[in-house]
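All values reported here derive from a predicted model rather than from experimental measurement. Each chain gets a letter, A, B and so on, in the order its sequence line appears, and its residues count up from 1.
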Protein chains: 2
Amino acid sequence: MKQPYYQDDHVTIYHGDTLDILPTLENCGALITDPPYSSGGQFRADRSQRVVDKYVQTQTKKGDAKHVREFEGDNRDQRSFLAWMMLWTNAARRACVTGAPFAVFTDWRQLPTMTDAVQAGGWVWRGIAVWEKPSARPMSGRFTNQAEYLVWGSDGPMEQWDNYPPGVFRCGTPRGEDRTHPTQKPDELMRWALQIVQPTEAPVLDPFMGSGSTLRAAKDLGLRAIGIEVDEQSCEDAAKRLAQEVLPL
Amino acid sequence: MKQPYYQDDHVTIYHGDTLDILPTLENCGALITDPPYSSGGQFRADRSQRVVDKYVQTQTKKGDAKHVREFEGDNRDQRSFLAWMMLWTNAARRACVTGAPFAVFTDWRQLPTMTDAVQAGGWVWRGIAVWEKPSARPMSGRFTNQAEYLVWGSDGPMEQWDNYPPGVFRCGTPRGEDRTHPTQKPDELMRWALQIVQPTEAPVLDPFMGSGSTLRAAKDLGLRAIGIEVDEQSCEDAAKRLAQEVLPL
DNA sequence: GCCGAGAATGAATCCATCC
DNA sequence: AGGATGGATTCATTCTCGG
């Protein structure tokens with residue numbers, strides 16, 4: 001079993017490829033993650049760009065968006081994207097206990113592929129929840145694509161317990177110094193996503209940790225969590241972020 | 001050419017099966033509709049999201065037996081639903097001018113099938129817009145499925161013009177006297193959906209008219225519209241509703 | 001400290017242009 | 001012909017800064 005990159009009372013971080021690490025894990029209580037979308041354009045040329053060129057449109061882009069990091073695994077075509085998604089969703093399910101809930105982020109373009117992939121990976125798909133982003137880029141004559149989606153469900157039967165999270169959640173994206181990862185999710189959003197997880201000892205699993213928003217939110221909610229990340233710099237960023245005190249909510 | 005069931009300055013209603021009527025139409029300016037979601041009707045929605053036919057799962061973990069049922073079963077109903085959706089989306093596209101926009105309502109269960117169907121029918125899929133219903137029934141331990149979805153795009157290149165409709169729209173469902181059709185959409189919602197249509201002479205096409213909400217909203221916005229409906233009682237209800245005066249907005 | 005004006009920003013998209 | 005590149009564009013929201 002691989003040594004953790006970072007560990008404390010609540011969270012564990014592994015540095016490495018998700019498909020290598022996942023088979024070594026077991027008894028996780030939930031899968032909550034934000035995988036690469038392999039999206040960002042109608043044409044293959046657009047999708048094959050560097051991540052920063054696709055997704056970071058600040059004026060500082062040419063020159064010094066130094067604090068915004070590149071990330072891997074976002075340049076696949078549709079077929080290989082689906083195949084890869086089936087592999088990791090299946091491996092993640094094996095790392096979880098029966099009945100575990102899952103919630104996976106995706107954008108409109110990959111939503112149908114994502115629902116296929118999680119089901120092919122053995123999960124039961126039970127719905128779609130909506131993240132409404134207040135500041136999206138409008139296009140003339142079209143509906144603004146101002147939402148991202150949370151595909152959710154469970155591994156087999158899903159326990160009912162006393163919690164009723166809303167199906168549509170509205171909040172803005174992190175800005176400026178708060179953002180170290182190009183597609184970083186706000187902590188508030190991750191706490192919402194974690195509402196399908198019952199408070200237990202079994203840790204939440206995030207196989208695409210990035211800058212560690214899922215783990216941070218889990219820790220703040222008093223949950224345990226395990227993160228996997230292939231980029232070492234992101235592991236370091238996340239470890240720093242998690243070493244800080246638990247935030248009062 | 002079949003005689004209209006109802007006709008006035010702005011709207012025309014045909015009574016009959018959509019697949020019979022659509023080939024007789026041409027030069028429509030847009031497709032805006034709310035097709036049957038296949039819940040409890042002609043097709044089986046409860047089996048709709050099984051993907052075992054597409055992606056075979058080879059390995060199992062202990063305790064997997066109970067999941068197998070989730071993957072078994074018969075995709076014929078889902079296949080026939082998809083085939084039928086491809087037929088009418090294609091026929092509707094042929095009834096429209098090149099560049100025509102489309103917007104089709106669906107629920108979360110049928111969303112992936114719908115995006116497949118419109119693309120197979122020859123339309124360019126450009127996004128998903130969200131209808132947030134404030135009055136959905138919550139489920140314990142789960143996200144509330146409180147949204148329906150508008151799959152939208154165009155037949156080929158889409159003209160840009162001076163309109164920026166929001167991608168998330170919040171409004172309640174009709175109640176009491178206002179509701180004659182079981183899945184009736186609020187007029188306010190249909191006016192939002194029609195914001196993707198440029199004001200022209202070419203009529204909006206609704207191949208599943210139901211109680212006529214699309215036509216009513218189009219007329220109120222000063223647009224022309226054509227509706228098709230197989231149920232005669234619904235045709236009568238819609239005709240009554242459309243014969244009323246144009247509502248001041 | 002509060003308020004308002006002006007600037008910056010966003011998992012974007014389109015299209016002309018260049019290889 | 002078709003892939004790759006780069007510039008222009010849009011508005012709601014948030015941020016910055018000065019009064």
For a quick test of reading the model: is some side-chain N or O of [X] closer than 4.0 Å to OP1 or OP2 of [N]?
| X | N | result |
| --- | --- | --- |
| A/Arg137 | C/dA8 | no |
| A/Lys185 | C/dA11 | no |
| B/Trp161 | D/dT10 | no |

Quiz prompt | Along DNA chain D (nearest heavy atom to each residue), the more 5'-positioned of A/Arg170 and A/Ser140 | solution =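 So the residue in question is A/Ser140.
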
Exercise. Return the 5'-most residue of the pair A/Gly172, A/Pro138 with respect to DNA chain D, ranking by each residue's nearest nucleotide.
Key: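 The residue mapped nearer the 5' terminus is A/Pro138.
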
Quiz prompt | Pairwise 5' ranking along DNA chain C for B/Pro157 and A/Pro36, keeping only the more 5' one | solution =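 So the residue in question is A/Pro36.
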
Side chain of [X] only, heavy atoms from C-beta on: which candidate in [options] is closest?
| X | options | value |
| --- | --- | --- |
| A/Arg142 | C/dA12, C/dA11, C/dT13 | C/dT13 |
| A/Arg175 | D/dC11, C/dG10, C/dT9 | C/dT9 |
| B/Arg126 | D/dT13, C/dC14, C/dA11 | C/dC14 |
| A/Ser135 | D/dA12, C/dA12, D/dC11 | D/dA12 |
| A/Tyr37 | C/dA11, C/dT13, D/dC11 | C/dA11 |
| B/Tyr164 | C/dC14, C/dG10, D/dC11 | D/dC11 |
| A/Asp34 | D/dT13, C/dC14, C/dA11 | C/dA11 |

When all nucleic acid strands are considered with a 4.0 Å heavy-atom cut-off, which category describes [X]: base, sugar-phosphate, or nothing?
| X | value |
| --- | --- |
| A/Thr183 | base |
| A/Pro35 | base |
| A/Trp108 | sugar-phosphate |
| A/Glu148 | base |
| A/Pro134 | sugar-phosphate |

For [X] and [N], give me the distance from atom [atom1] to atom [atom2], rounded to whole Å.
| X | N | atom1 | atom2 | value |
| --- | --- | --- | --- | --- |
| B/Gln160 | D/dT10 | CD | P | 9 Å |
| A/Trp131 | C/dA11 | CH2 | P | 6 Å |
| A/Arg109 | C/dA12 | CZ | C1' | 9 Å |
| A/Asp77 | D/dG3 | CG | P | 13 Å |
| B/Gln195 | D/dC11 | CD | C1' | 14 Å |
| B/Ile128 | C/dT13 | CD1 | P | 12 Å |
| A/Asp178 | C/dG10 | CG | P | 12 Å |
| A/Lys133 | D/dT14 | NZ | C1' | 16 Å |

Quiz item: For A/Thr12 and A/Gln7, does a side-chain donor sit closer than 3.5 Å to a side-chain acceptor?
Solution: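 There is such a pair (donor and acceptor under 3.5 Å, judged by atom type) between the side chains of A/Thr12 and A/Gln7.
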
Quiz item: Does A/Trp84 have A/Arg76 sitting over its ring (NZ/CZ under 6.0 Å from centre, angle to axis within 45°)?
Solution: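 So A/Arg76 does make the cation-pi contact.
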
Practice problem: Check for a donor-acceptor pair, side chain of B/Arg93 on one end and backbone N or O of B/Gly121 on the other, with a separation under 3.5 Å. | Solution: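 Indeed, once roles are kept as given, a pair shorter than 3.5 Å links the two residues.
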
Exercise. Using atom types as modelled and distance alone, determine if a side-chain donor or acceptor of A/Thr144 lies under 3.5 Å from a backbone N or O of B/Pro166.
Key: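 Side chain of A/Thr144 to backbone of B/Pro166: no pair is present.
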
Practice problem: Fit a plane to each ring of A/Phe105 and A/Trp131, take the angle between them on a 0 to 90° scale, and name the class: parallel (under 30°), tilted (30 to 60°) or perpendicular (over 60°). | Solution: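 Rings of A/Phe105 and A/Trp131: perpendicular, as their planes differ by over 60°.
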
Quiz item: Parallel, tilted or perpendicular: which describes the rings of B/Trp108 and A/Trp125, with under 30° parallel and over 60° perpendicular?
Solution: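 B/Trp108 and A/Trp125: perpendicular rings.
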
Quiz item: Salt bridge check: are A/Glu148 and A/Lys185 linked by an N-O gap of less than 4.0 Å?
Solution: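 Between A/Lys185 and A/Glu148 there is a salt bridge, with a charged N closer than 4.0 Å to a carboxylate O.
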
Practice problem: Could you tell me whether B/Asp220 and B/Arg216 make a salt bridge, using a distance below 4.0 angstrom between a side-chain N and a carboxylate O? | Solution: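 Looking at B/Asp220 and B/Arg216, the cut-off is met.
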
Practice problem: Between D/dA8 and C/dA11, how far apart are the P atoms? Round to whole Å, please. | Solution: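 About 22 Å, rounded to a whole number of Å.
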
Practice problem: Can you tell me which stems involve DNA chain C, if a stem is defined as three or more consecutive Watson-Crick or G-U wobble pairs, both distances under 3.5 Å? | Solution: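 Ordered by first number, the stems with DNA chain C (at least 3 consecutive pairs each) read C:2-10 with D:11-19, C:12-19 with D:2-9.
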
Using a 3.5 Å cut-off and no angle test, enumerate the donor-acceptor pairs between side-chain atoms of residues 195-203 of chain B and protein atoms at least two apart in sequence or in another chain.
| unit_1 | atom_1 | unit_2 | atom_2 | d |
| --- | --- | --- | --- | --- |
| B/Gln195 | OE1 | B/Asn163 | ND2 | 3.4 |
| B/Thr200 | OG1 | B/Ala202 | N | 3.3 |

Quiz item: Does the base of C/dA11 carry an N or O that pairs as donor and acceptor with the side chain of A/Asn145 under 3.5 Å?
Solution: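 Donor-acceptor pair under 3.5 Å: no.
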
